[in-house]
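In the text below, chain A, chain B and the rest are named by the order of the sequence lines, each starting its count at 1. Any value given below was found using the heavy atoms of this structure, including those in side chains, with hydrogens, waters and symmetry copies removed.
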2 protein chains.
Amino acid sequence: MTFKEESTASSLPAPAHQEPLVRTTQRQERVPNKKIIRDLGLKVTNQRLVILEVVREGKAHFTAQDVFETVTARNPEIGFATVYRFLRTLSEHSYVTEVRMGGMPARYEWAAKKHHDHLTCSTCSKIVEFENPEIERLQEKVAKEFGFSLTGHLLELYGVCPDCRRKSAP
Amino acid sequence: MTFKEESTASSLPAPAHQEPLVRTTQRQERVPNKKIIRDLGLKVTNQRLVILEVVREGKAHFTAQDVFETVTARNPEIGFATVYRFLRTLSEHSYVTEVRMGGMPARYEWAAKKHHDHLTCSTCSKIVEFENPEIERLQEKVAKEFGFSLTGHLLELYGVCPDCRRKSAP
DNA sequence: TATGAAATTGAAAGTCATTCGCAACTAGTT
DNA sequence: AACTAGTTGCGAATGACTTTCAATTTCATA
């Protein structure tokens, strides 16, 4: 079981702005943003680069609004339609995963990480990521039992986190 | 593992209209709609009675729009605000469960049945209900592991149903 | 069974996240 | 540099609810 906790701070940390310069000698640890855009068959525009930077370097879970605000802080010329459009494209091509729940805005996350599900605190909205192969296996089993070929799933657990339990029990 | 399949027919079957008369001798198999409304601390109005009948006797899964259409076919005077309002109240008091997914309208179902999750065909939208205690138990375990007290969960599996698999594989 | 305060209703207006239409604007090929 | 198809920002549109409010109805009490 792996996990990663995350605070609920409202703004995204400012990611480093520059793409690695061609001439630097620093190691290229990951796929460059330009390559991602080209691989999608899209033109490389400044807005898409900025959105990608924010998405990849900001906090793990974000809404389109989060991205829009961070992006416009850097370049006020970018409209939210562009943010929504590009996030949709990214999610259609599995670069980000999109979770839409309730009447709330969709939450996204960069998907280049291992699959996981979420445990959300219904009091403070803190999100804990977890991964449980056993549950995954059982899901496959259920699908098979009904003759379905499983293509995806949504598993979100809701509860009260340790901090909030402590606060509410004096 | 239990299950119940359901067709995707677009309209709700017309439920019998009358409340059991006081004088009939027929067995009272379930909580009367009037009692439900009173238990909620609400006034018994005709619109709430009609909505309850439709919800309890129509098909298992429905949207607010489904209910609104069936209800207005019976009594055109009922507005959709009333339907939405009452469905929300019912769901707040756990008489119906509400699942909101994607940008789609919320789906409801009468909750007086045993807990279950859903396996949905992403091609034809057929819904299969299933219940898997082992998965439930693992969810509790995950929550405990992170110190959360589990209050609820959402588990939806997506796949392609046997019918659709057959059709797509010639 | 009258009465009236409080709850409820329908219609219309308001929200809110997201999407669309389109003229102006670019990236990237030629 | 010119061309052209892909992109963009803006504002308007959409769709699913939600709220507002004046008119109506319920139901405890007289």
Side-chain angles (χ1 to χ4, degrees), chain A residues 19 32-52 54-55 61-93 96-108, chain B residues 19 32-52 54-55 61-93 96-108:
Chain A
E19 279 285 295
N33 292 338
K34 281 187 182 172
K35 174 159 173 36
I36 290 178
I37 298 172
R38 291 213 187 86
D39 287 352
L40 286 167
L42 303 173
K43 291 186 174 173
V44 177
T45 65
N46 183 60
Q47 18 284 76
R48 302 217 247 239
L49 286 171
V50 174
I51 292 169
L52 264 184
V54 169
V55 162
H61 301 95
F62 45 86
T63 63
Q65 188 63 32
D66 288 337
V67 175
F68 174 66
E69 280 164 19
T70 311
V71 154
T72 46
R74 175 136 11 124
N75 181 342
E77 299 299 295
I78 299 179
F80 62 79
T82 303
V83 173
Y84 272 108
R85 271 188 291 239
F86 192 41
L87 281 178
R88 194 183 350 146
T89 303
L90 287 174
S91 110
E92 279 164 5
H93 292 271
V96 302
T97 55
E98 183 193 71
V99 179
R100 291 178 164 200
M101 287 258 345
M104 277 147 225
R107 281 191 294 95
Y108 300 86
Chain B
E19 278 287 295
N33 292 336
K34 279 188 182 172
K35 173 158 174 37
I36 290 179
I37 298 172
R38 290 213 187 86
D39 286 353
L40 286 167
L42 302 174
K43 291 187 174 171
V44 177
T45 64
N46 183 59
Q47 18 284 78
R48 302 218 247 238
L49 287 171
V50 174
I51 292 169
L52 264 185
V54 169
V55 162
H61 301 95
F62 45 85
T63 63
Q65 188 62 32
D66 288 337
V67 176
F68 173 66
E69 279 163 20
T70 310
V71 155
T72 46
R74 176 140 2 131
N75 181 343
E77 299 299 296
I78 299 179
F80 63 79
T82 303
V83 173
Y84 273 108
R85 269 188 293 239
F86 192 42
L87 281 178
R88 191 182 355 145
T89 303
L90 287 174
S91 112
E92 279 165 4
H93 292 271
V96 303
T97 55
E98 181 193 74
V99 179
R100 292 178 162 199
M101 287 257 344
M104 277 146 225
R107 279 193 295 96
Y108 299 86

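One distance of note links CZ of B:Arg88 with NE2 of B:His93; it measures 11.0 Å at 0.5 Å rounding. With values rounded to the nearest 0.5 angstrom, A:Arg48 atom CZ is found 11.5 Å from A:Asn46 atom CG.
The side chain of A:Thr45 lies closest to C:dA27, out of C:dT18, D:dT19, C:dA27. Closest to the side chain of A:Thr82, out of D:dG9, D:dT18, C:dT19, is D:dG9. Checked against D:dC27, D:dC17, C:dA11, the side chain of B:Ala106 finds its nearest nucleotide in D:dC17.
Within the nucleic acid shown, B:Gln65 has no heavy atom closer than 4.0 Å to any nucleic acid atom. Heavy atoms of A:Arg38 sit nowhere under 4.0 angstrom from any nucleic acid atom. At a threshold of 4.0 angstrom between heavy atoms, the contacts of B:Ala64 with the nucleic acid are absent.
In this structure, B:Phe68 atom CZ and C:dT9 atom C1' are separated by 13 Å, rounded to whole Å. The CE-P distance, from B:Met104 to D:dA16, rounds to 11 Å in whole Å.
The main-chain N or O of B:Ile36 is never found under 3.5 Å from a side-chain atom of B:Asp39 such that the two would form a donor-acceptor pair.
Between B:Pro76 and B:Arg48, it is B:Arg48 whose nearest contact on DNA chain C lies nearer the 5' terminus. For A:Gly79 and B:Val44, each mapped to the nucleotide of DNA chain D holding its nearest heavy atom, the one lying further toward the 5' end belongs to A:Gly79. Nearer the 5' end of DNA chain D, as judged by each residue's closest nucleotide, is the contact made by A:Glu77, out of B:Arg88 and A:Glu77.
Taking both residues in full, the closest heavy atoms of B:Ile78 and B:Phe68 are given as O-CE1, 3.4 Å, listed atom of the first, atom of the second, then distance.
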